[in-house]
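Here is the structure we will look at, set down as structure tokens.
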Amino acid sequence: MRKQIVAGNWKMNKDYVDSELLVSKLLEQYNHSQTEVIIAPPFTSLLCSSNLLKGSQINVAAQNMHFAENGAYTGEISAGMLKSIGIQTVILGHSERRAYFNETDTLLAKKVDTALQHSMRIIFCFGEELADRKSGNEEVIVEGQIKNALFHLPASAWENIVLAYEPVWAIGTGETASPEQAQDMHAFVRKTIENKYSSDLSSEVTIIYGGSVKSTNAKEIFSKADVDGGLIGGAALDVTQFTAIINAF
Ligand code: 13P
């Protein structure tokens, strides 16, 4: 049985003090669930968040990392640094990193390799832009993003990969992919993985959906057969919304 995951990507929101407040509220409101819950606060709040969450069932992820072990990369954070404060999971390939920081598939493949060398789990994001969808190219784009960054991996590496389909046109826009659009893409991705590896492997890969998921639409999206949870942006900053999304399963 593959895992269900609800992850909150805080992006560049919440300073140290506000992060502690948000995590404390989350601990108060969160009840045990079958679903794995992850939060991804900014780098400056990783340590305080994981300290507060020690002993709870909520995990903490980083939003990004560099591919190098160390060196002259001003402003960057390495896998080893994340591991040194107990962070085991990292989001890679978010569309905002691709768009604003020129992260290419080639660069992402290097980051993926480094994270795996450090036995980290990766939440790998991919998704098409509006123009791609309008021209009917969404599957070609998504297939390319996955192949280029992940298909050099041996089958054994996939136990540390979670996929997150985030159509760029649905991020922060209030416009969600319909549950059918999400299901269609997730099924397509699963098939693509099956063709490259095996049906056993593809049926075990967790594929979550991101893009304007709210407490009001989560249930319908999560009810789809190939949607194993969500990567939540704006609504993860509101504990009531976020816990309602967790409980939507
Ligand atoms: P929103 O939920 O704010 O649309 O953001 C989704 C996202 O980018 C999560 O990584």
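Counting starts at 1 for both ligands and their atoms, following the listed order. Fair warning: this is a prediction, and the values are worked out from it, not measured in the lab.
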Practice prompt. Go through ligand 1 atom by atom and flag the ones less than 4.0 Å from a non-hydrogen atom of Ala170.
Written response: 4 (O)

Fill in: Lys214 near ligand 1 by a heavy-atom separation under 4.0 Å
no

Worksheet item: Just distances here: any N/O of Gly233 and N/O of ligand 1 closer than 3.5 Å?
Response: yes

Discussion item. Strictly below 4.0 Å, N to O, side chains only: are Asp105 and Lys147 in salt-bridge contact?
Written reply: no

Fill in: Pairwise distance CD(Glu128) to CD(Glu166) - rounded to 0.5 angstrom
11.5 Å

Fill in: Proximity of Tyr197 and Phe151 rings by center, below 6.0 Å
yes

Practice prompt. Under 4.0 Å from a heavy atom of Glu166: give me the atoms of ligand 1 that qualify, with their elements.
Written response: 6 (C), 7 (C), 8 (O), 9 (C), 10 (O)

Worksheet item: For ligand 1, which atoms have a heavy atom of Lys11 less than 4.0 angstrom away?
Response: 5 (O), 6 (C), 7 (C), 8 (O)

Discussion item. With a 3.5 Å distance limit and no angle check, can you tell me whether Lys3 reaches the backbone of Thr35 through a side-chain donor-acceptor pair?
Written reply: no

Item to complete: Go through ligand 1 atom by atom and flag the ones less than 4.0 Å from a non-hydrogen atom of Leu231.
Response: 9 (C), 10 (O)

Worksheet entry | Ala109: side-chain contact (heavy atoms from CB on, under 4.5 Å) partners, not counting sequence neighbours | His152

Fill in: Under 4.0 Å to a heavy atom of Ser212 - the qualifying atoms of ligand 1, by number
1 (P), 2 (O), 4 (O)

Item to complete: Taking only heavy atoms of Gly234 into account, list the atoms of ligand 1 that are under 4.0 Å away from them.
Response: 1 (P), 2 (O), 3 (O)

